[in-house]
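Only one structure is covered here, and it is reproduced in the block below.
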Amino acid sequence: MADNARAKRLADLIREVVAQKLLRGIKDPRLGSHVTITDTRVTGDLREATVFYTVYGDDEERAAAAAGLESAKGVLRSEVGRAAGVKFTPSLTFVADALPDTAKTIEDLLDRARQSDEKVREVSAGAVYAGEADPYKKPDDEDETDGDAAE
């Protein structure tokens with residue numbers, strides 16, 4: 001079993017090689033410049049690599065890019081093997097990265113929270129306290145306490 005540092009270095013190398021090959025070496029029109037490699041993870045035994053990618057475009061372009069990556073998997077794996085110089089070239093699995101969808105969901109939730117905060121701010125603009133302005137009890141004046149003691 002390889003150490004984590006070696007797996008990390010191999011994952012970084014795979015990410016760089018796949019990105020460069022997609023940019024300059026693959027002539028598939030489905031894989032144009034709108035495919036971005038975001039992350040790569042390699043198993044501890046260095047046998048399998050998962051490559052995460054995002055596609056700029058709609059669902060149709062995402063499906064086309066997924067098909068293009070599947071068809072180019074062999075070429076990309078041979079290029080990784082040539083660049084890595086390892087005994088066994090890891091098999092590549094391409095997974096669409098959920099990061100953009102998650103980021104959009106978070107942005108939508110933050111927008112809703114901002115709108116809710118703005119509504120609360122508008123409602124509370126003219127509001128007054130239900131009790132007195134100073135809610136803490138204070139001892140009465142000295143005169144009143146002396147009068148009570150004299151009786």
Side-chain angles (χ1 to χ4, degrees), residues 1-140:
M1 186 145 194
D3 60 350
N4 287 337
R6 185 173 179 199
K8 175 74 173 130
R9 284 193 313 267
L10 183 60
D12 291 342
L13 177 72
I14 290 171
R15 187 181 70 240
E16 292 294 323
V17 168
V18 169
Q20 287 297 322
K21 191 69 175 173
L22 286 176
L23 187 63
R24 294 195 174 98
I26 304 291
K27 301 298 181 197
D28 193 340
R30 300 175 290 186
L31 298 176
S33 61
H34 57 276
V35 176
T36 304
I37 304 300
T38 56
D39 193 18
T40 306
R41 296 187 186 145
V42 178
T43 58
D45 61 356
L46 307 179
R47 295 282 180 159
E48 298 175 11
T50 304
V51 180
F52 295 92
Y53 67 94
T54 59
V55 179
Y56 181 73
D58 58 359
D59 291 335
E60 184 178 310
E61 290 175 348
R62 289 180 189 150
L69 287 170
E70 280 299 314
S71 69
K73 188 185 287 189
V75 173
L76 293 171
R77 184 175 181 212
S78 64
E79 189 68 27
V80 166
R82 190 174 303 118
V86 292
K87 182 176 182 180
F88 181 81
T89 303
S91 61
L92 302 178
T93 304
F94 292 96
V95 176
D97 199 353
L99 185 66
D101 296 332
T102 305
K104 184 179 180 327
T105 303
I106 290 173
E107 283 297 323
D108 292 343
L109 290 172
L110 288 173
D111 285 339
R112 285 191 0 213
R114 284 186 201 106
Q115 291 170 357
S116 175
D117 288 347
E118 187 60 35
K119 288 178 185 175
V120 168
R121 196 173 296 117
E122 289 172 3
V123 168
S124 66
V128 294
Y129 291 106
E132 299 175 10
D134 189 9
Y136 299 104
K137 291 186 177 183
K138 294 180 182 175
D140 295 333

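We number each residue from 1, following the sequence as shown.
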Taking every non-hydrogen atom, the tightest pair across [X] and [Y]:
X	Y	value
Glu79	Arg82	OE1-NH1, 2.7 Å
Val75	Ser78	O-OG, 2.8 Å
Ala84	Leu10	CB-CD1, 3.9 Å
Ala49	Val42	CB-CG2, 4.1 Å
Phe88	Arg77	CZ-NH2, 3.7 Å

Side chain to side chain contact (heavy atoms under 4.5 Å, CB included) evaluation trace for Glu70 with Leu92: CA-CA 9 Å; Glu70 280 299 314; Leu92 302 178; over 6 Å; no
Polar side-chain atom of Ser124 near backbone of Val120 as donor-acceptor pair, under 3.5 Å: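 It does hold such a pair.
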Exam field: side chain Arg47 to backbone Ser91, donor-acceptor pair closer than 3.5 Å: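 Absent.
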Salt-bridged, [X] to [Y], with N to O below 4.0 Å?
X	Y	result
Arg9	Asp12	no
Asp59	Arg62	yes
Arg114	Asp111	yes
Lys119	Glu122	no
Glu118	Arg121	yes

Value rounded to 0.5 Å, distance of [atom1] in [X] from [atom2] in [Y]:
X	Y	atom1	atom2	value
Leu46	Ile14	CG	CD1	8.5 Å
Leu99	Thr54	CG	OG1	8.0 Å
Leu76	Thr89	CG	OG1	12.5 Å

Answer whether the closest heavy-atom distance between the side chains of [X] and [Y] falls below 4.5 Å.
X	Y	answer
Val80	Glu16	no
Thr50	Thr40	no
Phe52	Arg41	yes
Tyr53	Leu22	no
Arg15	Val51	no
Glu48	Pro90	no

From CA spacing to verdict: salt bridge (Lys or Arg N to Asp or Glu O under 4.0 Å), Glu107, Lys104: CA-CA 5 Å; Glu107 283 297 323; Lys104 184 179 180 327; over 6 Å; no
Sequence-distant partners of Asp58, side-chain hydrogen bond (donor to acceptor under 3.5 Å, both in side chains), two or more places apart: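 Asp58 satisfies side-chain hydrogen bond (donor to acceptor under 3.5 Å, both in side chains) with no other residue.
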